[in-house]
Amino acid sequence: MNQNIQVLRVWSGRHGSETQTFDRARQGMVWTQERRIRLRPRYLKDVSEVDTRTIIQGEKISAPICISPTGFHCLAWPDGEMSTARAAQAADICYITSTYASCTLEDIVATAPRGLRWFQLYVQRDRQLNKQLIQRVESLGFKALVITVDVPITGNRRHDIRNQVDLKTNLLLKDLRSPKESSGPCLQMSSIDPSNCWDDLSWLQSITQLPIILKGILTKEDAELAVKHNVQGIIVSNHGGRQLDEVLASIDALTEVVAAVKGKIEVYLDGGIRTGNDVLKSLALGAKCVFLGRPILWGLACKGERGVEEVLNILKNEFHTSMTLTGCRSVAEINRDLIQFSRL
């Protein structure tokens, strides 16, 4: 298949929702039209100095704006995740590297050795492969393990069906095993384990010292179970609206999850972030940090490393302005009092 055609087909699928286009639109519109989340600014404060820095899982970052895990960055730019990693390092924020990265983990670390990295894991059927991957990222200096929980199977992605996109057939991954254990240069996409459940977390915790963060939680019931099972964080996410249609937008689920954990673990938000105000609102509603998916890929496809840096800088500058204009001199001053839900 012509590579350019393949890239266009995959790109279309990435920006679609599951069975319809409903959730893709709703994810962004919820910030303004549906929920009409309004800001309540405070004035006559000395905002000559505004500090956007914060701490996640004990690590300092320049702003609560980080990079979500997305796969196959080489479809957007030739050196793929290496460009993304360098941009994240330059911005002094966290980059979650995907299981399905198109560059080796070793290359990603080598190109941005000082960067803060977490690793996203799709739990595989092969337990030994999971163990090897986890031990490998731990030895490479990744600081947390992010377990994606909302993909026991892949949703019915009509864009992919219409465009005849089959990543399992048409794209080869870098080997998930370490270079020393690999018998070949690459292998086909491994099988995600649909039997993975809460009881399996104890096994994962037994083989790593890394903090474990669950990505894809949308309800208070699952948030409470996450606390019960001693994980260190939750990323509230609906997988960009690409898994199950008619679920909550991430921002709609955030307050429920934050209330359920009662401050015992950190909560982050992934999905729909497009402006500095979106970042501010998320933090005001209880998120410790937000993660960006599609905007990073847009920047990467446009200008590579420089494009990702520009996307991050735009949002960081907008967030700084939003903080200033609402009277928040530090991230610690951002709270629920800033928010009003307008009645429709």
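Keep in mind that this is a model prediction, so the values were computed, not measured.
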Aromatic Tyr95 / basic Arg117 pairing, under 6.0 angstrom, 45° off normal: no

Lys228 NZ: over 12 foreign heavy atoms closer than 6.0 Å: no

Residue pair Phe119 / Ile96, side-chain heavy-atom distance below 4.5 Å: no

Any Asp79 side-chain heavy atom under 4.5 Å of Arg86 side chain: yes

Between OG on residue Ser330 and CD on residue Glu49, distance to nearest 0.5 Å: 12.0 Å

Aromatic ring proximity, centroids under 6.0 angstrom, Trp118 and Tyr268: yes

Worked check of side chain to side chain contact (heavy atoms under 4.5 Å, CB included) between His73 and Leu300: CA-CA 8 Å; His73 285 203; Leu300 184 66; 3.7 Å; yes

hydrophobic_cluster_shared for Leu39 and Leu325, side chain cutoff 4.5 Å: no

Transitive ILVMFWY side-chain link Val279 to Phe341, under 4.5 Å: yes

Backbone N/O of Ala91 and side chain of Ser62: donor-acceptor pair under 3.5 Å: yes

Evaluation steps, side chain to side chain contact (heavy atoms under 4.5 Å, CB included), between Ile234 and Val257: CA-CA 9 Å; Ile234 286 172; Val257 171; 4.1 Å; yes

Joint hydrophobic cluster, Leu225 plus Val227, side-chain heavy atoms closer than 4.5 Å: yes

Interatomic spacing from CD in Glu138 to CD in Gln209 - rounded to 0.5 Å: 6.5 Å

Minimum heavy-atom distance Met323-Arg329, with the two atoms named: CE-C, 4.1 Å

Gap separating the OG atom of Ser195 from the CZ atom of Arg125, nearest 0.5 angstrom: 7.0 Å

Student check: side-chain heavy atoms of Ile235 and Leu269 closer than 4.5 Å: no

N/O donor-acceptor pair under 3.5 Å between Glu81 side chain and Cys103 backbone: yes

Asn313 side-chain N/O to Glu309 backbone N/O, donor-acceptor pair under 3.5 Å: yes

Point-to-point distance, once rounded to the nearest 0.5 Å, from CD of Gln57 to CD1 of Ile61: 10.5 Å

Check against salt bridge (Lys or Arg N to Asp or Glu O under 4.0 Å), Asp92 and Arg114: CA-CA 9 Å; Asp92 193 20; Arg114 302 183 309 280; over 6 Å; no

Donor-acceptor under 3.5 Å (Arg40 side chain, Gln340 main chain): no

Side chain proximity check, Ser322 to His320, heavy atoms < 4.5 angstrom: no

Side-chain (Asn196) to main-chain (Asp193) donor-acceptor, under 3.5 angstrom: no

Common cluster, Leu133/Ile207, ILVMFWY with side-chain heavy-atom separation under 4.5 Å: yes

Closest heavy-atom pair and its distance - His239, Ser237: N-OG, 3.1 Å

Evaluation steps, side chain to side chain contact (heavy atoms under 4.5 Å, CB included), between Ile314 and Val311: CA-CA 5 Å; Ile314 288 168; Val311 167; 5.7 Å; no

Audit row: Asn277, Thr275, side-chain hydrogen bond (donor to acceptor under 3.5 Å, both in side chains) steps and yes/no: CA-CA 5 Å; Asn277 274 1; Thr275 69; 5.4 Å; no

Distance in Å, Leu201 CG paired with Ile147 CD1, rounded so as to fall on 0.5 Å steps: 7.5 Å

Side chain to side chain, Phe142 and Leu105, heavy atoms closer than 4.5 Å: yes

Stepwise salt bridge (Lys or Arg N to Asp or Glu O under 4.0 Å) check, Lys303 with Glu310: CA-CA 9 Å; Lys303 297 181 182 178; Glu310 288 185 11; 3.2 Å; yes

Side chain to side chain contact (heavy atoms under 4.5 Å, CB included) between Ser98 and Thr70, intermediate numbers included: CA-CA 6 Å; Ser98 171; Thr70 51; 5.9 Å; no

Atom CZ of Arg53 with >12 non-hydrogen neighbours under 6.0 angstrom: no

Short side-chain to backbone donor-acceptor contact, Ser282 and Val290, under 3.5 Å: no

Crowding at CZ, Arg336 (>12 non-hydrogen neighbours, <6.0 Å): yes

Ile108 backbone acceptor or donor facing Thr111 side chain under 3.5 Å: no

Residues Thr97, Gln120; criterion side-chain hydrogen bond (donor to acceptor under 3.5 Å, both in side chains); working and verdict: CA-CA 6 Å; Thr97 304; Gln120 174 269 333; over 6 Å; no

Backbone of Gln205 reached by a side-chain donor or acceptor of Thr208 within 3.5 Å: no

pair Met82-Glu305: side-chain heavy atoms closer than 4.5 Å: no

Joint hydrophobic cluster, Ile93 plus Ile56, side-chain heavy atoms closer than 4.5 Å: no

For the student: nearest non-hydrogen atoms of Trp77 and Ser83, plus distance: CD1-OG, 3.5 Å

Side-chain touch Leu283/Val331, heavy atoms, less than 4.5 angstrom: yes

Within-4.5 Å side-chain heavy-atom neighbours: Ile213 and Leu145: no

Backbone of Cys197 reached by a side-chain donor or acceptor of Asp200 within 3.5 Å: yes

Spatial distance of atom CG (Asn230) from atom NZ (Lys264) [nearest 0.5 Å]: 10.5 Å

Main-chain N/O of Cys74 paired to Ser102 side chain as donor or acceptor, under 3.5 Å: yes

